[in-house]
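All remarks here apply to the structure that follows.
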Amino acid sequence: MTTPTIWKKSSFSGGGEGNDCVEIAEGPTRIAVRDSKAPARATLSFAPRAFAPFVEALKGAQGRTT
């Protein structure tokens with residue numbers, strides 16, 4: 001995937017300037033995810049079919065403790 005140019009911030013951004021979140025960019029064949037606090041660092045890239053299960057797994061992990 002080439003580097004996306006349009007990033008959308010999560011609707012669950014933290015307070016203040018909303019920098020405590022992830023950003024998502026949709027491409028024709030991949031969905032990219034990056035840390036909004038470090039946008040120049042690496043991104044995760046998913047096939048669209050794999051993105052929904054990834055998000056659901058994160059939601060399930062919120063209630064667990066390590």
Side-chain angles (χ1 to χ4, degrees):
M1 175 174 188
T2 60
T3 303
T5 56
I6 300 174
W7 290 91
K8 300 175 193 172
K9 281 196 178 187
S10 168
S11 60
F12 292 97
S13 297
E17 295 183 26
N19 292 327
D20 296 331
C21 65
V22 296
E23 296 175 316
I24 297 174
E26 296 180 54
T29 60
R30 306 296 288 175
I31 297 174
V33 180
R34 72 180 182 185
D35 182 347
S36 64
K37 295 181 300 298
R41 289 193 163 182
T43 62
L44 296 175
S45 178
F46 297 89
R49 290 175 41 158
F51 186 69
F54 169 72
V55 172
E56 290 304 315
L58 291 176
K59 288 178 182 178
Q62 285 181 339
R64 292 185 223 144
T65 58
T66 53

Can you name the closest pair of heavy atoms from Cys21 and Asp35 and give their distance?
O-OD1, 3.8 Å

Evaluate the criterion side-chain contact (heavy atoms from CB on, under 4.5 Å) for residue pair Phe54 and Ile31; output intermediate values, then yes/no.
CA-CA 11 Å; Phe54 169 72; Ile31 297 174; over 6 Å; no

Heavy-atom closest contact (Thr43 atom, Trp7 atom, distance)
CG2-CH2, 3.9 Å

Tell me the closest heavy-atom pair linking Phe51 and Ile24, and the distance in Å.
CZ-CD1, 3.6 Å

Write down the atom of Ala47, the atom of Arg30, and the distance for their closest heavy-atom approach.
N-NH1, 3.3 Å

Salt bridge (charged side-chain N to carboxylate O under 4.0 Å, His left out): pairs with one or both residues in residues 38-48, sequence neighbours excluded:
none

Does anything in residues 48-57 pair up under salt bridge (charged side-chain N to carboxylate O under 4.0 Å, His left out), and if so which pairs, sequence neighbours excluded?
Glu56-Lys59

